[in-house]
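See structure below.
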Amino acid sequence: MFFLTWGFLVWLGATALLRFLRHFFFSLENPVLLVTAYILVIPLLLILTLPIYRYKHLDPYNRLKAAILIAIPGMLFDVVSLIYFSSIFINLDSKMDRIFGFWLLLTYSVILLSGFTVGKNNQIKKKLM
């Protein structure tokens, strides 16, 4: 339940931030800010996930489960936000929905990938087999 709640809070914070400040990050007129938004989301999401895995003392297998639980709330709620894109994100041209969708895929991919660990004793592989 902790990881679902954390995922919901991350989604809520990001959605609120993007609803009001989105036009600064997602603008075709300013490609530098657009690329910056894509690049900066990677370390930001790692800061929001990796310390929690350490704090909860998760083994590699449970990190993967935690990453999935963190991603699920945002993925489900963003389905609705994409359907009502122009109503929710009023500061943005409706043509930007595909750029935002791409950014969402990137963010959820980073969250899910944060659950994988690489090392000599990869317990995920052992438990899945």
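Both backbone and side-chain heavy atoms feed into the values below; hydrogens, waters and symmetry mates do not.
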* Set of side-chain hydrogen bond (donor to acceptor under 3.5 Å, both in side chains) partners for Lys65, sequence neighbours left out ->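 With sequence neighbours excluded, Lys65 shows a side-chain hydrogen bond (donor to acceptor under 3.5 Å, both in side chains) to Asn62, given in chain and number order.
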* Structure fact -> Nearest heavy-atom approach of Phe3 to Ile52 is CE2-CG2, 3.5 Å
* Pairwise side chain to side chain donor-acceptor pair (under 3.5 Å) hits with a residue in residues 67-77, at least two apart -> none
* Structure fact -> Here the gap from Leu12 atom CG to Leu17 atom CG, rounded to the nearest 0.5 Å, amounts to 11.0 Å
* Asked: Among the clusters formed by ILVMFWY side chains lying less than 4.5 Å apart, do Ile83 and Ile88 turn up in the same one?
  ->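 In one cluster with Ile83: Ile88, yes.
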* Would you say Tyr84 and Leu104 are hydrophobically clustered, going by side-chain heavy atoms of ILVMFWY under 4.5 Å? -> yes
Atom pairs and distances, side-chain donor-acceptor, residues 68-80, under 3.5 Å, sequence neighbours left out:
unit_1: Asp78; atom_1: OD1; unit_2: Trp11; atom_2: NE1; d: 2.9
unit_1: Asp78; atom_1: OD1; unit_2: Ser81; atom_2: OG; d: 3.0
unit_1: Asp78; atom_1: OD2; unit_2: Tyr108; atom_2: OH; d: 2.4

* Structure fact -> Residues at least two apart in sequence or cross-chain that pass side-chain contact (heavy atoms from CB on, under 4.5 Å) with Arg98, listed by chain then number, are none
* Asked: For Ser109, what residues pass the side-chain contact (heavy atoms from CB on, under 4.5 Å) criterion, not counting sequence neighbours?
  -> none
* Asked: Hey, are the side chains of Leu50 and Tyr53 touching, using non-hydrogen atoms and a 4.5 Å cut-off?
  -> yes
* Structure fact -> Students should find that the hydrophobic cluster of Leu105, defined by side-chain heavy atoms under 4.5 Å apart, otherwise consists of none
* Asked: So with a 6.0 Å cut-off around CZ of Phe2, is the heavy-atom count from everything else above 12?
  -> yes
Just distance, no hydrogens or angles: give the donor-acceptor pairs under 3.5 Å from side chains in residues 38-48, sequence neighbours left out.
unit_1: Tyr38; atom_1: OH; unit_2: Ile99; atom_2: O; d: 2.8

